[in-house]
Amino acid sequence: MTTSTTGTDTLTRDALAVLQPGFAGTTAPDWVRRRLSEGLASVALFGRNVATAEQVTALTAQLRAERDDLLVAIDEESGDVTRLEVRTGSSFPGNHALGAVDDTALTRGVARELGRRLAECGVNFNWAPSADVNANPDNPVIGVRSFGRDTDLVARHTAAYVEGLQSTGVAACTKHFPGHGDTSVDSHHAVPHIDLDATTLNERELQPFRAAIAAGTRAVMSAHIRVPVLDPDRPATLSRRILTGLLRGELGYQGLIVTDGMEMRAISGTYGLEHGVVLAIAAGADAICVGGGLCDEDTVQGLTDALVAAVRSGELPEERLADAAARVRALADWTAGVRRSPALEGDREPEIGLTAARRAVTVTRTGPAAPVTGPVYVATFHPAANIAVGDETPWGVGAELERLLPGTTTGSFTGPDAGARALEAAAGRRVVAVVRDEHRHPWMRTALDTLLAAGPDTVVVEMGVPQSAPRGALHVATHGAARVCGTAAAEAVVAG
């Protein structure tokens with residue numbers, strides 16, 4: 001049975017208010033505009049909704065013509081995870097690069113400049129920063145999205161990022177609570193388990209979230225991870241012990257709790273999308289992130305129906321749904337109140353992203369080698385992209401080296417014979433080998449072995465977590481694969 005949303009009944013409006021759905025296209029669909037008049041309080045933008053900054057500005061203006069106090073959310077971590085610059089690569093390095101520099105004033109400034117750009121486009125809610133401590137170097141989904149593996153460093157940079165972003169009137173959403181850093185499974189595909197003792201969890205995973213709460217983060221995003229020491233049965237997104245008992249009760253957090261994407265297999269593949277949404281709200285979540293994959297009106301209708309039916313059956317207390325909807329509207333009121341923040345009129349720092357990327361580069365010389373002064377062959381070794389990063393965004397150093405060293409050519413390789421194919425394509429030219437998380441990919445390590453055996457003067461550029469020992473005549477670690485990181489790396493290669 002379909003719930004009517006043509007009226008103004010409170011229950012239906014509250015059910016719509018807790019959803020943060022996505023949609024297709026670069027203009028506002030009629031169904032989204034209609035749902036905004038019926039109670040929908042948030043929408044989410046993804047790479048498919050972005051063509052240019054001007055287009056995004058026009059899109060958000062279309063949406064706000066229907067509802068002025070609208071939350072427009074985006075997953076703009078910068079670095080490897082960018083939606084606003086999905087087709088070009090980010091103008092800002094990501095967390096790992098900022099952690100490598102370890103200058104909280106720089107992190108605050110980068111987040112402030114990013115917030116200004118988002119605010120100018122009409123986006124007022126950013127699902128960032130990641131506060132995960134990268135305790136597991138084999139983590140397939142966090143990696144360079146983390147400020148690092150040191151808890152204190154992650155905590156202070158998380159706080160700085162929250163302060164910088166929110167100074168522009170854009171709400172920060174600190175994620176992925178209670179900490180996704182010590183996993184070896186991607187929750188886009190399955191439920192990760194974190195088997196930590198209570199002391200380690202408290203002293204490592206939770207510290208950055210405490211720092212974010214102290215800094216005033218307006219939202220916290222839950223993780224689809226199972227932490228048996230906290231709840232042996234349910235993942236954090238669906239756990240009342242974790243969201244209400246720990247986050248609200250023990251940590252004293254009073255802002256908005258948002259779920260990670262509910263289509264992710266950790267939830268939808270285990271509990272079902274609609275039932276998962278009901279369980280999340282019952283557990284203490286206030287807003288439901290959905291739309292990275294499912295981005296149609298039927299999804300919104302189905303979730304609205306599920307929430308209304310759960311209240312009517314007694315599975316979901318009506319006051320819990322009302323409280324969640326009230327928290328969403330309260331955040332919308334806050335963003336509307338600070339939309340004309342003085343930070344938007346302050347001194348701009350348009351080059352701060354490139355400045356930060358340059359400062360994050362680490363260069364290691366492992367032996368004598370001639371400087372790179374002429375054309376080279378750039379061999380980029382591509383790992384499979386995780387869903388958070390996506391495969392639309394270009395990365396590497398090839399384009400910039402082609403500009404700096406005319407005559408340079410490039411190629412991309414993957415798989416067990418990648419090194420041999422790259423060597424053949426180079427045809428005797430000096431090679432710049434570009435890798436991403438070499439330590440996690442045996443085939444990539446083998447490819448470098450092949451290139452270095454044939455050409456000891458090979459230059460290696462690592463654009464992921466520099467966990468492997470530096471090798472190559474020159475080793476350049478960028479701590480991320482943002483566009484500006486590629487520019488900084490190319491400059492370092494030429495400078496030698």
Side-chain angles (χ1 to χ4, degrees), residues 1-22 32 34-44 67 69-71 73 125 171 173 177 218-222 224 231 234-249 253-263 267-268 271-291 294 297-335:
M1 177 179 177
T2 299
T3 303
S4 171
T5 55
T6 55
T8 57
D9 66 285
T10 300
L11 184 56
T12 297
R13 296 189 74 85
D14 284 351
L16 278 167
V18 302
L19 302 180
Q20 294 190 340
V32 172
R34 184 175 67 256
R35 295 292 183 179
L36 291 173
S37 68
E38 295 167 352
L40 189 66
S42 311
V43 296
R67 180 173 186 143
D69 63 342
L70 178 67
L71 285 175
F125 187 19
C173 181
F177 187 83
R218 292 283 164 173
V220 169
M221 178 177 282
S222 66
H224 303 330
D231 189 330
R234 288 186 173 175
T237 294
L238 310 183
S239 170
R240 184 167 180 81
R241 294 185 192 180
I242 294 174
L243 298 188
T244 300
L246 175 60
L247 183 54
R248 290 268 188 242
Y253 175 66
Q254 295 303 311
L256 192 76
I257 299 176
V258 188
T259 71
D260 206 344
M262 294 297 283
E263 305 104 311
I267 299 298
S268 64
Y271 299 89
L273 178 61
E274 293 178 358
H275 187 50
V277 165
V278 171
L279 291 175
I281 297 295
D286 306 305
I288 300 296
C289 170
V290 64
L294 300 172
E297 184 174 14
D298 287 347
T299 298
V300 171
Q301 185 67 62
L303 297 182
T304 303
D305 290 347
L307 288 166
V308 170
V311 170
R312 288 176 176 165
S313 72
E315 181 183 5
L316 176 64
E318 185 171 1
E319 57 270 22
R320 170 76 275 269
L321 180 62
D323 173 64
R327 290 179 187 275
V328 172
R329 296 178 188 124
L331 180 59
D333 288 344
W334 177 81
T335 61

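None of these values were measured; they are calculated from a predicted model. Numbering starts at 1 and runs along the sequence shown. Heavy-atom basis, side chains included; hydrogens, waters and symmetry copies ignored.
Note that the NE2 atom of H275 and the CE atom of M262 stand 10.5 Å from one another [nearest 0.5 Å]. Considering CG of L273 and CG of L303, their distance stands at 5.0 Å, rounded to 0.5 Å. Taking OG1 of T259 as the start and CD1 of I281 as the end, the distance is 7.5 Å to the nearest 0.5 Å. Expressed to the nearest 0.5 Å, how far CD1 of I257 lies from CD1 of I288 amounts to 11.0 Å.
For Q301 and R35, the side-chain atoms include at least one donor-acceptor pair closer than 3.5 Å.
In this structure, R234 places its CZ atom where only 12 or fewer heavy-atom neighbours from other residues, nucleotides or ligands lie under 6.0 Å away.
In plain terms, the two heavy atoms of V32 and V43 that are nearest each other are CG1-CG1, 3.9 Å. Residues I267 and P235 approach most closely at CD1-CG, 4.0 Å, considering heavy atoms. Here the closest non-hydrogen pair linking I242 and A236 is CD1-CA, 3.7 Å. The shortest non-hydrogen separation linking L70 to A41 is CD1-O, 3.3 Å. Here the closest heavy-atom approach between residue G284 and residue R248 is recorded as O-NH2, 4.4 Å. The two residues P21 and V300 make their nearest non-hydrogen contact at CB-CG2, 3.6 Å.
Ionic pairing of R312 and D305 is not present here: no N-O contact between side-chain nitrogen and carboxylate oxygen is shorter than 4.0 angstrom. R34 and E297 are joined by a salt bridge, as a carboxylate oxygen and a charged side-chain nitrogen come within less than 4.0 angstrom of each other. Under the 4.0 Å criterion applied to side-chain N and carboxylate O atoms, R320 and D286 are assigned as salt-bridge partners. Residues R329 and D333 are not paired through a salt bridge, judged by the lack of any N-O separation under 4.0 Å between the basic side chain and the carboxylate.
A donor-acceptor pair is defined here as one N or O able to donate and one able to accept, closer than 3.5 Å; such a pair exists between the side chain of S268 and the backbone of E263. Checked by atom type and distance alone, the side chain of T335 pairs as donor or acceptor with a backbone atom of A332 at under 3.5 Å. Judged by distance alone, the side chain of Y271 and the main-chain N or O of L238 form no donor-acceptor pair under 3.5 Å.
Checked options L16, V308, T304; the residue passing with L11 is V308 (criterion: side-chain contact (heavy atoms from CB on, under 4.5 Å)).
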